[in-house]
Protein chains: 2
Amino acid sequence: MTSAPYASRERSTKERILGAAEALFATHGFAGASLRQVTAAARVNLAAVNYHFGSKDKLIEEVFRRRLDELNSRRLAALGKIANQDETQLEDVLDAYIRPALDLSRTDGGGAAFVRVLARAYAEHNDTLRRFLSDNYGHVLRQFAAEFGRLLPGLAREEIYWRLDIVTGALTYAMADFGIIQRKSDVAERDHREAAADHLIRFAAAGLRNPSVSNSPVTR
Amino acid sequence: MTSAPYASRERSTKERILGAAEALFATHGFAGASLRQVTAAARVNLAAVNYHFGSKDKLIEEVFRRRLDELNSRRLAALGKIANQDETQLEDVLDAYIRPALDLSRTDGGGAAFVRVLARAYAEHNDTLRRFLSDNYGHVLRQFAAEFGRLLPGLAREEIYWRLDIVTGALTYAMADFGIIQRKSDVAERDHREAAADHLIRFAAAGLRNPSVSNSPVTR
DNA sequence: GTTTGAATCAAACGATCGTTTGAGAGTACG
DNA sequence: CGTACTCTCAAACGATCGTTTGATTCAAAC
């Protein structure tokens, strides 16, 4: 009924928990953010987490699933529009890979926080999480590798993966705003991230096109 | 360097704590690794941490200081040998920046673990730790930026920092072994890291040399 | 032999952790 | 009405956390 004792909530309890968890995991890490912090920030009862998600670990997994499903479907959609076409440039594929991550980091609903959560997951080096990411989203990377391979016929498959790995590392680092470059006060955060993505795409394109293949130690 | 294998019993209590803390922080994070785990792994009494270091936070800081001081000086020493010389190549400067991190990750006694700890520190986004790292590394980064600027006269100072930021991100990611590339069983870990550094240097050199700059120049 | 002080130890401190419980509020349907 | 079901709530559970305490060990100094 509309005669609830307190004001009706705009968002459900589950959604408020997910949002608060995302922000706090980004700031304090998975072990560092307690369920008491999460439920206090979400203004829900402590027991609501275990009621709705079962456990803290399941909550963490759900925080990932909610964002990654959308991120990777966007990546695949962008890739589908340009894959196997004659006029496709390397920058287009990089854009399909990087831009959705940038867009995610700009969404109002906590996407920026999630990008830091994602970076943290890499750092955690947790095998369970790695398996979860590999199982659910490994096919995305494989499709991008195939398209990069088509556009870079001079590179072996393994070389493609080495370089994609470097791009992913730089992307993770950049989108999580780890960097040494501090955003100036007169630059909006989205403009800062836009500039970061722009630099990253250009840098990555040059690195990917590099004809120098390493099968011997670096000359000096 | 002077530590022999299986010498843990002869090492001091402080050193055993530092080694065990480094390994456990790398695996479980700063919040995730308890002092009980650390002291059990080091085979010392629980109270030894607070006796020798004062607190867990001070222990964390000491784990960093021990490694960063050496990495710091090695990078500057390598840079000092090639800076401001006519025959210096871009790859030489990148090598001076990247190779000490690789060497650190190959040292016995926990260096590889520390690289993961360092990557985790970036992910933690903790202001205290960032300040600590900035104080220790700020001048190093500035010296490298100056040398890169000399070798890349076509790039603005800010562009140099953008690209160095990307290199640092990829280096952090690669050295911490976050990557999707799984080391094959017949490849030794040091060979795997050597290959990663080799790929990274080539990739970074191509990215740094890229004449294409952002179409939205920043005015100072 | 006595004293001194650093180092180690078992034990316990209070705080906080994730999780569980059981009662109660609210809603829907007969 | 009664019943059933979903959700919320305060409270407490046992476990583990970082830290502290006080006794004990032991080698060097006096």
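Small disclaimer: the values here were computed from a predicted structure and weren't measured. Computation of the quantities below employed the complete heavy-atom set of this structure, encompassing side-chain atoms and omitting hydrogens, waters and symmetry-equivalent molecules. A note on names: the letters A, B, ... follow the listed sequences, proteins ahead of strands, and every chain is numbered from 1.
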So, do [X] and [Y] sit near enough that their side-chain heavy atoms are less than 4.5 Å apart?
X: B:Leu68; Y: B:Asn72; answer: no
X: A:Phe144; Y: A:Arg75; answer: yes
X: B:Leu141; Y: B:Tyr161; answer: yes

How many whole angstroms separate atom [atom1] of [X] from atom [atom2] of [N]?
X: B:Arg11; N: C:dA7; atom1: CZ; atom2: P; value: 17 Å
X: B:Arg43; N: C:dA10; atom1: CZ; atom2: P; value: 15 Å
X: B:Phe30; N: D:dG18; atom1: CZ; atom2: P; value: 14 Å
X: A:Asp57; N: C:dC17; atom1: CG; atom2: P; value: 16 Å
X: B:Leu46; N: C:dA7; atom1: CG; atom2: C1'; value: 15 Å
X: B:Leu24; N: D:dC17; atom1: CG; atom2: C1'; value: 15 Å
X: A:Ile17; N: D:dC7; atom1: CD1; atom2: C1'; value: 11 Å
X: A:Lys56; N: C:dG18; atom1: NZ; atom2: C1'; value: 8 Å

Mark yes or no for whether B:Gln37, through its side chain, and B:Ser34, through its backbone, hold a donor-acceptor pair below 3.5 Å.
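Side chain of B:Gln37 to backbone of B:Ser34: a pair is present.
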
Can you tell me which nucleotide in C:dT21, C:dT19, C:dC9 comes closest to the side chain of A:Leu35?
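In terms of side-chain proximity for A:Leu35, the closest of C:dT21, C:dT19, C:dC9 is C:dT19.
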
With the side chain of A:Ser34 defined as its heavy atoms from C-beta on, choose the nearest nucleotide among C:dC17, C:dT19, D:dT8.
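Looking only at heavy atoms from C-beta outward on A:Ser34, the closest nucleotide is C:dC17.
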
Heavy-atom contacts under 4.0 Å between residues 48-55 of chain A and DNA chain C, which residues?
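Per residue number, the list reads A:Asn50, A:Ser55.
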
Need to verify one output field. Residue with the more 5' nearest nucleotide on DNA chain C, A:Gly32 or A:Ala47?
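Closest to the 5' end, via its nearest nucleotide, is A:Gly32.
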
N or O in side chain of A:Asn45 less than 4.0 angstrom from D:dC7 OP1/OP2
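False: A:Asn45 side-chain N/O out of range (4.0 Å or more) of D:dC7 OP1/OP2.
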
Is the distance from OP1 or OP2 of C:dT8 to the nearest side-chain N or O of B:Thr13 less than 4.0 Å?
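Yes, B:Thr13 has a side-chain N/O under 4.0 Å of OP1/OP2 on C:dT8.
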
What pair of heavy atoms forms the shortest contact from A:Val167 to A:Leu94, and how long is it?
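Taking every non-hydrogen atom into account, CG1-CD2, 4.2 Å.
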
Closer to the 5' end of DNA chain D via nearest nucleotide, is it A:Arg36 or A:Val44?
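Nearer the 5' end of the strand: A:Val44.
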
In chain order, what residues pass the side chain to side chain contact (heavy atoms under 4.5 Å, CB included) check against A:Asp95, with sequence neighbours excluded?
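Testing A:Asp95 for side chain to side chain contact (heavy atoms under 4.5 Å, CB included), a comparison that skips the adjacent residues, returns A:Arg99, A:Ile201.
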
Using ring centroids (six-membered ring only for Trp), state whether B:Phe114 and B:Phe64 fall under 6.0 Å.
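Between B:Phe64 and B:Phe114, the centre distance is under 6.0 Å.
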
